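Here's the structure we're looking at; comments come further down.
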Amino acid sequence: MKILGINSEKCINCGQCIADCPQKLYSEVDETNQIIFEDPYNICILCGHCLAICPTNAIIAEEIEDLYEFEEAKDPSKLLNYENLMKLLRARRSIRRFQDKPIPREQIEMILQAMRYAPSASNKQSWNYIVLTNREKIKIFADKVMELYYLLRKVLKLKFLLRFFVRGETRRLLLDPGTKIAIERTIADHKAGKDVMFYNAPCVIVLHSLQYGNMAGADAGIALTHGMLAAQSLGIGTCWIGLAQEAVFRKKKLRKWLGIPKGRNCFGVLALGFPDVKYYRAPPRNKLQVQWIE
Ligand SMILES: Cc1cc2nc3c(=O)[nH]c(=O)nc-3n(C[C@H](O)[C@H](O)[C@H](O)COP(=O)(O)O)c2cc1C
């Protein structure tokens with residue numbers, strides 16, 4: 001998409017584009033009182049706020065899709081009230097038991113479409129997705145991630161030496177007896193033929209993106225959250241697989257195997273499938289920790 005200018009016949013000079021453009025690319029020309037769009041330094045982030053806010057649809061853009069005009073766009077609070085939104089959010093669970101049933105491709109595409117409309121820093125939308133639906137490939141992927149576990153088990157044997165070289169959370173994890181137990185249990189299950197990584201999910205989505213400061217991870221998190229909620233609305237369960245994400249992020253060989261291009265990295269992995277589990281209530285969460293500065 002590219003903003004090309006303003007249709008002066010349609011423009012009513014209401015100034016909404018001037019007020020709303022985050023990059024301040026709209027301004028009023030004195031003599032004519034006409035609003036103009038100028039972007040000499042190419043800093044438009046293509047957020048489309050001008051297209052969305054113009055009451056007469058006067059902004060001219062080279063669009064990649066039709067604008068989506070619907071009544072509730074003017075007042076999104078009409079779409080879903082707070083109570084129902086909270087139910088939607090609180091009913092979302094990480095699903096780790098899936099039916100042995102593939103997800104139709106159209107539904108995977110619907111989930112990806114929901115991710116597409118997530119907000120992102122400077123509207124970067126740097127997300128690309130790799131969708132695995134082939135059971136054998138998913139198993140190979142899981143096995144490759146498990147290699148990291150086997151390596152970790154070896155590393156743990158040296159923990160009394162390594163503790164002098166690591167700090168913070170890594171040191172805590174290294175010395176926590178629970179870490180060894182969790183790794184041993186996961187390896188035992190893996191050796192017994194269980195899919196300890198993706199829980200026999202029929203679909204795995206890997207998100208890769210350019211790495212831009214601290215924001216790439218945040219942007220990926222929002223996109224995948226859109227996807228998780230969209231999946232839920234279709235009766236599809238999801239589980240974010242941080243372990244696989246970490247392995248892909250760290251292992252170049254794994255990125256190569258997945259076909260993630262150089263210069264990009266993995267910022268999220270989701271397992272998806274039809275749930276083979278029902279939850280009757282939403283579990284509690286930590287109390288809010290808020291510091292009000294008034
Ligand atoms: C970034 C991230 C990484 C996660 N990694 C894993 C994982 O590797 N394996 C897993 O089974 N669950 C994983 N989860 C799911 C969390 O364990 C789960 O969200 C948390 O326990 C709360 O449960 P709920 O999602 O059902 O509310 C991950 C979740 C997030 C957000």
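Read the numbers this way: they start at 1 and go in the same order the structure lists the ligands and their atoms. All values reported here derive from a predicted model rather than from experimental measurement. As a basis for the values below, the full set of heavy atoms in this structure was taken, side chains included, without hydrogen atoms, waters or symmetry mates.
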*Should Leu234 and Ile205 be counted in the same cluster of Ile, Leu, Val, Met, Phe, Trp and Tyr side chains packed under 4.5 Å apart?*
yes
*Side-chain contact, heavy-atom cut-off 4.5 Å: Gln125 with Ser120?*
yes
*Just go through Phe267, Tyr279, Trp240 and tell me whose heavy atom is the nearest to atom 29 (C) of ligand 1.*
Trp240
*Ring geometry between Tyr26 and Phe37 (parallel below 30°, tilted from 30 to 60°, perpendicular above 60°)*: tilted
_Cys239: numbered ligand 1 atoms lying under 4.0 Å from its heavy atoms_ = 10 (C), 11 (O), 12 (N)
*asked:* For Met197, state whether at least one heavy atom is located under 4.0 Å from any atom of ligand 1.
replied: no
*Atoms of ligand 1, numbered as shown, that sit under 4.0 Å from any heavy atom of Tyr199*: 9 (N), 10 (C), 11 (O)
_Lys139 bridged to Glu136 by N-O distance under 4.0 Å_ = no
*Heavy atom of the protein closest to atom 18 (C) of ligand 1 (residue, atom name, distance)*: Ser94 OG, 3.3 Å
*In the protein, what heavy atom is nearest to atom 21 (O) of ligand 1, and what distance, to one decimal place, separates them?*
Arg96 NH2, 4.2 Å
*Would you tell me whether Asp195 and His190 have side-chain atoms, one donor and one acceptor, within less than 3.5 Å of each other?*
no
*Sidechain N-carboxylate O distance under 4.0 Å for Lys251, Glu147*: yes
*Can you tell me the protein heavy atom closest to atom 5 (N) of ligand 1 and the distance?*
Gly242 N, 2.8 Å
*With heavy atoms only and a cut-off of under 4.0 Å, state how Ala244 meets ligand 1: side chain, backbone, both or neither.*
neither
*Can Arg185 and Asp189 be counted as an ion pair, charged N to O under 4.0 angstrom?*
no
*Give a yes or no on this: more than 12 heavy atoms of other residues, nucleotides or ligands lie within 6.0 Å of atom CG of Asp75.*
yes
*Which part of Gln245 is near ligand 1, with near meaning a heavy atom under 4.0 Å away: side chain, backbone, both or neither?*
neither
*Arg93 heavy atoms, cut-off 4.0 Å: which ligand 1 atoms fall inside?*
24 (P), 26 (O), 27 (O)
*asked:* Hydrophobic clustering (ILVMFWY, side-chain heavy atoms < 4.5 Å, transitive) - are Leu46 and Ile53 grouped together?
replied: no
*Would you mind telling me if ligand 1 is within reach of the side chain of Arg285, the backbone, both or neither, using heavy atoms under 4.0 Å?*
side chain
*Should you measure from each heavy atom of Leu243, which atoms of ligand 1 turn up under 4.0 Å away?*
8 (O)
*Take atom 3 (C) of ligand 1 and look for protein heavy atoms under 4.0 Å from it; say yes if you find one, no if not.*
yes
